[in-house]
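We use all heavy atoms of the structure for the numbers below, so side chains are in, but hydrogens, waters and symmetry mates are not.
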Amino acid sequence: MDMHTVVVGTSGTTAQDVIAVARGNARVELSAAAVAALAAAREVIDALAAKPEPVYGVSTGFGALASRHISPELRARLQRNIVRSHAAGMGPRVEREVVRALMFLRLKTVASGHTGVRPEIAQTMADVLNAGITPVVHEYGSLGCSGDLAPLSHCALTLMGEGEAEGPDGTVRPAGELLAAHGITPVELREKEGLALLNGTDGMLGMLVMAIADLQNLYTSADITAALSLEALLGTDKVLAPELHAIRPHPGQGASADNMLRVLAGSGLTGHHQDDAPRVQDAYSVRCAPQVNGAGRDTLAHAALVADRELAAAVDNPVVLPDGRVESNGNFHGAPVAYVLDFLAIVAADLGSITERRTDRLLDKNRSHGLPPFLADDAGVDSGLMIAQYTQAALVSEMKRLAVPASADSIPSSAMQEDHVSMGWSAARKLRTAVDNLARIVAVELYAATRAVELRAAQGLTPAPASLAAVEALRAAGAEGPGPDRFLSPDLAAADAFVRAGGLVAAVEPVTGKLA
């Protein structure tokens, strides 16, 4: 376990803390202020529960059944039953990091003091996270409205000692056994608590936070690979001049152009074609890389703003307000998160598309300006990177399908009470696939571009120091470079792992300085 500790207070959390818990196994603690806020809100719920008048979520049913008043002796059963009945997910298991993010973000809202959950419930949530116990959550079961209901229900089921969960050793066992093995007492839910554990956007938000972190790395990596391809194609770096981007002042565009310019500093290849084979302009995939990459960066910045707002939010229904009122609301609707999840899938698809076009250009002897066909050692006997580009193209094609927005859809549920939903969970699930695909697409361009840079060096030209650093680091990471009688797949897998881990950025920054 990572010894880093994340303290959960009443005012939300940060993206860095989400990632620390989800991916880094950071420990979780409740602040004293959170414990006090939990206790104060619970006093409000207990007072309302004692009154004869029905209060939604406290002494009534839920959703389309909200009109039924529930007698005191049945309320614990009601809260238990809502968890059991809503734990109806199906399909493959969701990744461990997603479930940990989901649980942590639900704890964040619970700790706000707006849900009416008792402190001991929140402490049990923290204990389960700290024990490395991960509920089994399934792919399907959330419409992104009224919360990520089925996924959160499977997490709540674990708190009750029911259902299945994965232990820290990776073995799936009955949740009750895992809790007992770690000295954790299963919770017995009271008024409002079952509902409060289910009613949030936590799953889609957790996936958004992690996708943003991954895309930030991939966008910087894509700037680097675009610069390497420009150099290998003997393109001109004049289009990267700051004064050109200043007159179209999109921040992301300027940042991408600056990244590329710094990677190319000291290159003896850029502009070389103007002497040997004059071209008026480079192709759009080369010349317009800062505009495309930059637009994606700006979309990513907007998504991060939405994520930060949601990380500061307390999403539940009903909520306990500071003046003691308990009010029903619609804050559980996932539209704000769903939209940006879809936006990111769109820009990721376009980044993948322009990346693949540059790769194809490097492999085509009619457009690569002196590079061998498919960057092969012995073209004809050796197919070079021909099929690597096929793989890249297949990934791009899937990216375009994944870019179709989930949030433009809605399907009514709960006897038409919940008649408009966000489909944000579905948007998040397809974005995770898109991010995975994009890493592979960037890795193929990196592999091709570094191979091309090496060939240019063999022709007597002088690549930029940052380019040579990228070549050396990629080879050290296990991507040996194409050659006769060798399987290409292990090299591409090594390049993929190198890009995902931030290795490309780390390799060039000692030469370029910190990149955006």
Decide side-chain contact (heavy atoms from CB on, under 4.5 Å) for V453 and R456; before the verdict, give the C-alpha distance in whole Å, the side-chain angles of both, and the deciding distance to 0.1 Å. CA-CA 5 Å; V453 165; R456 292 300 190 195; 5.6 Å; no
Quick one, R23 with E95, criterion salt bridge (Lys or Arg N to Asp or Glu O under 4.0 Å). Give me CA distance, side-chain angles, the key distance, then yes/no. CA-CA 11 Å; R23 292 178 167 171; E95 303 85 357; over 6 Å; no
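Residues R100 and T134 have side chains that never bring a donor and an acceptor to within less than 3.5 angstrom of each other. Looking only at atom types and distance, the side chain of N293 has no donor-acceptor partner in the side chain of S256 under 3.5 Å away. Using modelled atom types and a 3.5 Å distance limit, the side chains of Y447 and D491 yield a donor-acceptor pair.
R262 is linked by a salt bridge (charged side-chain N to carboxylate O under 4.0 Å, His left out) to D258, counting only residues two or more places apart in sequence or in another chain. Considering only residues two or more places apart in sequence or on other chains, D360 meets the salt bridge (charged side-chain N to carboxylate O under 4.0 Å, His left out) condition with R357, R367. Residues meeting the salt bridge (charged side-chain N to carboxylate O under 4.0 Å, His left out) test with D342, sequence neighbours left out: K430.
Aromatic rings from H420 and H333 are positioned such that their centres are separated by under 6.0 Å.
Here CG of L208 is found 8.5 Å from CG of L311. Values are rounded to the nearest 0.5 Å.
Nearest heavy atom pair, residue D282 against residue G235, reads OD2-CA, 3.4 Å.
Counting only heavy atoms from C-beta outward, the side chains of R432 and V98 approach each other to under 4.5 Å.
Contact check on K108 versus E310 returns no salt bridge, with no Lys/Arg side-chain nitrogen under 4.0 Å from an Asp/Glu carboxylate oxygen.
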